2 protein chains.
Amino acid sequence: MTDPKSTRMTKQRQVILNELRKVTSHPTADNIYDMVRARMPHISLGTVYRNLELLARQGDIQKLSIDGDRVHYDGDVSEHYHIRCVKCGRVDDYPVEANISTKELNQGCGYEVAGFKLEFSGVCPKCKKKSLS
Amino acid sequence: MTDPKSTRMTKQRQVILNELRKVTSHPTADNIYDMVRARMPHISLGTVYRNLELLARQGDIQKLSIDGDRVHYDGDVSEHYHIRCVKCGRVDDYPVEANISTKELNQGCGYEVAGFKLEFSGVCPKCKKKSLS
DNA sequence: TTACCTGCAAAACCTTTGCAAGTAC
DNA sequence: GTACTTGCAAAGGTTTTGCAGGTAA
């Protein structure tokens, strides 16, 4: 896939973006496919993937791809961090300040450092309850 | 796959561990398959995956699964961080101190926090050169 | 009008798994 | 002897892609 020179706001793209901005649940591509199909039954999964990729490249959404498991998407592009449940895979926002300044980054091993990813892991409230019973 | 009650040090497992400890290159399962096949031509890729999983669960090696791309493995289990080249996917050690204390972690959003993953991204020296020409 | 985009289905890709034979302990 | 492990090959699940017809600007 090569980058297009310009992009168009198609109905599909708009609906995907809307649905994603509407929730705080960090859905996977498949989740988003389901959400969007409720409004647009004939959309294809391929289109969902193509648009998520494009929107992420444009900076309209965020791709959360930490930890091997499948990719999650976030309509909130402001700087914040996440926590993933090791039992069920659920992803939530995690309010913490990371004092890693990007200024001090360009010092190691010859890389042109661009940024970092930080993700927490743990057991979510629901799974905590479940393991008690 | 359920955890075995005890594990045996098979030749395959030993060679995989040796090869991984020998390098600092953070290879993927496929890379390791190639490395091991040089010494043990009949080993199967399935065996490599099974052993990497098991060794990681035992804490003998580290699984680096940040950032969507395929999983890399690290024979060095001491605490340190990594940087991944956004162009070629290469993974190197990145010497930085992260002052995120695990004590302050159990405060957010009802999770039982277990840990965090931190990975840097940038352009590696080779790819920097390439993009200049 | 013309890139860009879509739906569909097939392909690609990495990883996991079932099974019968082999092996560490 | 008996779990644990292997090689092989097939299956699994997610993501990507080719193509011909559609559509935003």
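Keep in mind it's a predicted model, so treat the numbers as computed, not measured. Reminder, nothing fancy here: chain letters follow the sequence lines and each chain counts from 1. Hydrogens, waters and symmetry mates play no part in the numbers below; they use all other heavy atoms, side chains included.
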Peer 1: Tell me whether the OP1 or OP2 atom of D:dT6 has a side-chain N or O from B:T10 closer than 4.0 Å.
Peer 2: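 Yes, B:T10 has a side-chain N/O under 4.0 Å of OP1/OP2 on D:dT6.
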Peer 1: Applying a 4.0 Å non-hydrogen cut-off, can you work out what A:N51 is touching in the nucleic acid: base, sugar-phosphate, or nothing?
Peer 2: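 Counting heavy atoms under 4.0 Å across all strands, the contact made by A:N51 is with sugar-phosphate only.
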Peer 1: With a 4.0 Å limit, can you tell me whether B:Y49 has a side-chain N or O closer than that to the phosphate oxygens OP1/OP2 of C:dT15?
Peer 2: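 Answer yes for this pair, as a side-chain N or O of B:Y49 is under 4.0 Å from OP1 or OP2.
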Peer 1: Regarding A:H82 and A:D74, is there a side-chain donor-to-acceptor distance under 3.5 Å anywhere?
Peer 2: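 There is such a pair between these side chains.
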Peer 1: DNA chain D: B:G46 or B:K11, which has the more 5' nearest nucleotide?
Peer 2: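 Looking at DNA chain D, the more 5' nearest nucleotide goes with B:K11.
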Peer 1: Ignoring hydrogens and angles, answer whether the base of C:dC25 and the side-chain atoms of B:R8 contain a donor-acceptor pair closer than 3.5 Å.
Peer 2: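 Answer is no: no donor-acceptor pair is held.
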Peer 1: So what does B:T7 touch, heavy atoms closer than 4.0 Å: a base, only the sugar-phosphate, or nothing?
Peer 2: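 The answer is sugar-phosphate, as B:T7 gets under 4.0 Å only of primed atoms, P, OP1 or OP2.
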Peer 1: Within the pair A:T47 and C:dC5, is there a side-chain N or O less than 4.0 Å away from OP1 or OP2?
Peer 2: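 No, outside the criterion.
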Peer 1: Which nucleotide in the list C:dC4, C:dT15, D:dT15 gets nearest to the side chain of A:R70?
Peer 2: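 Nearest listed nucleotide: D:dT15.
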Peer 1: At 4.0 Å (heavy atoms only), tell me whether B:L45 reaches a base, stays on the sugar-phosphate, or touches nothing.
Peer 2: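 B:L45: base contact, heavy atoms under 4.0 Å.
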Peer 1: In this structure, how many angstroms lie between the P atom of C:dT6 and the CE atom of A:M9, rounded?
Peer 2: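 Nearest whole value for this atom pair: 10 Å.
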Peer 1: C:dT23, OP1 or OP2 - any side-chain N/O from B:Q12 closer than 4.0 Å?
Peer 2: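 Checking B:Q12 against C:dT23: no side-chain N or O falls below 4.0 Å of OP1 or OP2.
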